[in-house]
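All residue numbers in this chain count up from 1 along the given sequence.
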Amino acid sequence: MARMFQNLIRAAAFAGAAAAASAALAADPIKIGVLEDQSGDFAAATIGKVHAIELAAEEINKAGGIAGRPIELVVYDTQSDNNRYQEFMRRVLQKDKVDVVFAGFSSASREAYRPIVNQFDGLAFYNNQYEGGVCDANMIVTGAVPEQQFSTLIPWMMEKYGKNVYTIAADYNFGQISAEWVRNIVKENGGTMVGEEFIPLGVSQFSQTIQNIQTAKPSFVVTLLVGAAQASYYEQAASANVGLPMASSVNVGQGYEHKRFKPPSLANMYVTTNYIEEVDTPEGKAFLAKFKAKYPDEPYVNQEAANSYIAINLYKQLVERANGSTNRADLLKVLGQGDVCFDGPSGKVCLDPKSQHMSHTIFLARVTEEHKIEFPKVWTDIKPYWLGDAGCDLTKNDPSEQYTPSNPPPKP
């Protein structure tokens with residue numbers, strides 16, 4: 001009898017230990033790697049991304065975490081350096097053993113780390129506006145793409161201002177591919193490219209470019225300039241009295257140039273963006289209020305901050321609908337159901353299973369002479385349709401490629 005009693009005690013102790021171990025396991029954090037430029041040429045546009053991720057993680061943890069597990073952020077400053085992206089991506093996937101990575105501002109940084117994510121079969125969120133075309137099952141993209149930004153912006157500008165277009169763009173994959181989209185849309189709408197220039201990153205002197213634009217006399221200028229140095233164009237163009245309307249998919253929405261430079265440097269700039277802090281909707285105001293409550297000194301809350309906030313909430317939904325699994329294959333099965341959506345700062349957004357990109361409401365933001373923002377046009381619920389229509393279908397195969405209008409995916 002005594003031995004039986006002892007056995008019962010041992011069994012109870014074992015069960016208790018197992019329950020405690022199970023509870024501890026359930027409480028193990030979900031680790032999210034954050035690789036963003038908190039210093040360097042792109043820092044002005046990207047510090048807000050880190051803060052938005054921190055805000056979302058704090059909210060989720062206060063509400064009980066993801067499937068009962070707290071979020072732990074593993075943050076590295078990539079310093080606007082592509083080599084650091086590669087170094088830190090290996091570190092978070094191999095050493096830190098994160099479950100998912102949120103990474104990258106420039107398209108060059110994304111393409112620097114993307115092969116590493118593929119090599120280790122990781123999952124990365126790219127929460128940035130970009131030139132489009134990435135068909136890769138290891139990537140989820142929440143930023144806006146050309147069919148959401150240029151297919152709306154360029155025809156609108158041509159109808160309002162005329163059909164002669166001049167593009168100046170940063171000389172790397174973002175600028176080159178974005179310029180190709182602009183070129184094609186201008187042609188499709190009966191317009192003419194009267195000039196096109198690609199500016200190396202780090203260039204800050206634009207006297208020759210300004211002379212070229214004044215000689216070409218376009219109806220408007222498409223500016224696809226990136227980083228602190230290239231932003232010097234706007235004050236120089238204003239000093240030279242260029243006086244032309246401008247159109248962009250990045251300026252204002254990322255680098256808040258209308259706040260950083262004196263009026264009227266950005267006057268008559270039109271930008272298609274999925275969020276900026278001036279968006280006058282209940283969802284937009286609510287997001288801005290809680291962002292400013294946590295980070296009162298934030299100079300501007302841009303579209304990348306909104307995308308990053310949305311991304312964590314989408315990831316939470318994926319994990320919880322996968323019964324708590326963080327396995328990439330399990331998450332993509334959920335994504336493949338086609339109903340992974342979130343009501344965010346600009347309204348409802350959804351992930352497209354074929355491309356793993358996100359739908360958006362697109363706001364046409366105009367900068368006035370006084371550098372105020374007005375919204376002459378809004379396009380709701382624009383799907384990221386180009387990749388899927390062109391032949392990318394990540395529910396069936398994974399080419400892990402980036403495609404362009406001149407190099408589309410092969411039709412199935």
Side-chain angles (χ1 to χ4, degrees), residues 32-62 71 73-80 102-106 109 125-129 142-144 226-229 231 234 248-263 265-266 269 271 273-314 342-347 349 360-361 363 365 367 370-375:
I32 297 178
V34 181
L35 310 185
E36 296 290 356
D37 302 327
Q38 297 172 71
S39 60
D41 198 33
F42 303 134
T46 55
I47 289 174
K49 296 175 72 178
V50 178
H51 291 166
I53 290 166
E54 291 171 346
L55 172 63
E58 180 181 273
E59 290 178 345
I60 291 168
N61 283 343
K62 283 183 178 178
I71 293 172
L73 301 179
V74 181
V75 183
Y76 292 102
D77 178 9
T78 39
Q79 301 177 24
S80 306
F102 287 30
F105 176 74
S106 75
S109 66
F125 277 74
Y126 182 60
N127 304 313
N128 240 72
Q129 177 280 341
T142 62
V226 174
Y234 299 106
S248 183
S249 63
V250 287
N251 305 130
V252 176
Q254 289 184 346
Y256 55 96
E257 291 84 358
H258 65 302
K259 296 285 190 181
R260 290 163 47 207
F261 299 120
K262 293 180 180 179
S265 303
L266 271 287
M269 163 76 82
V271 182
T273 180
N274 58 276
Y275 177 85
I276 50 175
E277 68 173 42
E278 291 91 349
V279 165
D280 189 17
T281 64
E283 303 92 345
K285 287 180 176 179
F287 175 65
L288 179 63
K290 62 186 177 182
F291 199 109
K292 289 289 190 177
K294 184 170 176 62
Y295 298 102
D297 297 327
E298 193 78 26
Y300 194 74
V301 183
N302 65 7
Q303 64 183 354
E304 272 64 43
N307 294 339
S308 299
Y309 178 86
I310 290 166
I312 285 205
N313 283 281
L314 289 171
F342 179 70
D343 289 318
S346 58
V349 295
H360 282 290
T361 294
F363 299 88
V367 183
E370 298 79 25
H371 281 199
K372 303 297 183 183
I373 295 290
E374 59 186 29
F375 297 99

Dump the intermediate steps for side-chain contact (heavy atoms from CB on, under 4.5 Å) on L266 and M269, then the final yes or no.
CA-CA 6 Å; L266 271 287; M269 163 76 82; 3.6 Å; yes
Under 3.5 Å, side chain of D37 to main-chain N/O of S39, donor-acceptor pair present?
no
Does the side chain of N307 come under 3.5 Å of the side chain of N274 through a donor N or O and an acceptor N or O?
yes
Distance-only donor-acceptor check, side chains Q303 and T273, under 3.5 Å:
yes
Before giving the answer on side-chain contact (heavy atoms from CB on, under 4.5 Å), spell out for Y300 and E278 the whole-Å C-alpha distance, their side-chain angles and the decisive distance to 0.1 Å.
CA-CA 10 Å; Y300 194 74; E278 291 91 349; 2.4 Å; yes
Those residues at least two apart in sequence (or on a different chain) that pass side-chain hydrogen bond (donor to acceptor under 3.5 Å, both in side chains) with N302 are none
Rounded to the nearest 0.5 Å, how far does CD of Q38 lie from OG1 of T78?
7.5 Å
Looking only at non-hydrogen atoms, find the nearest pair between A311 and F102 and report the distance.
CB-CE2, 3.6 Å
Could I get the full list of salt bridge (Lys or Arg N to Asp or Glu O under 4.0 Å) partners for E374, not counting sequence neighbours?
R366
Look only at the side chain of N61 and the backbone of I71, and say whether a donor-acceptor pair between them is shorter than 3.5 Å.
yes
Can you name the nearest heavy-atom pair linking A56 to N313, along with the distance?
CB-ND2, 4.2 Å
Does any N or O in the side chain of N127 come within less than 3.5 Å of the main-chain N or O of S308, such that one atom is a donor and the other an acceptor?
no
Donor-acceptor contact present, side-chain T46 to main-chain E36, <3.5 Å
no
Ion pair check, E58 and K294, cut-off under 4.0 Å:
yes
H51: what forms a ring-ring contact (aromatic ring centres under 6.0 Å, His included) with it, not counting sequence neighbours?
Y295
State, to 0.1 Å, how close S80 and A43 come at their nearest heavy-atom pair, and which atoms those are.
OG-N, 4.3 Å
Mind checking whether F287 and Y275 have ring centres under 6.0 Å apart?
yes
Ignoring hydrogens and angles, tell me if any N or O in the side chain of K49 forms a donor-acceptor pair with the backbone of G104 under 3.5 Å.
yes
Examine the side chains of E257 and S265 and answer whether a donor and an acceptor come within less than 3.5 Å of each other.
no
Check: V271 main-chain N/O paired with S248 side-chain donor or acceptor under 3.5 Å:
no
Determine, for K290 against E59, whether the closest basic-nitrogen to carboxylate-oxygen distance falls under 4.0 angstrom.
yes
Drop me the distance from F105's CZ to L35's CG, to the nearest 0.5 angstrom.
15.5 Å
CD on E54 to CD1 on I312, rounded to 0.5 Å:
9.5 Å
Spell out, as yes or no, whether a donor-acceptor pair under 3.5 Å connects the side chain of K292 to the backbone of E298.
yes
Begin with the C-alpha distance, continue with both residues' side-chain angles, and end with the deciding distance and a verdict on side-chain contact (heavy atoms from CB on, under 4.5 Å) for T142 and F125.
CA-CA 7 Å; T142 62; F125 277 74; 4.1 Å; yes
So V279 and F375, side-chain contact (heavy atoms from CB on, under 4.5 Å) or not? Walk me through it.
CA-CA 8 Å; V279 165; F375 297 99; 4.0 Å; yes
Just by distance, do the side chain of E304 and the backbone of Q129 share a donor-acceptor pair under 3.5 Å?
yes
Do H258 and Y234 have their ring centres less than 6.0 Å from each other?
no
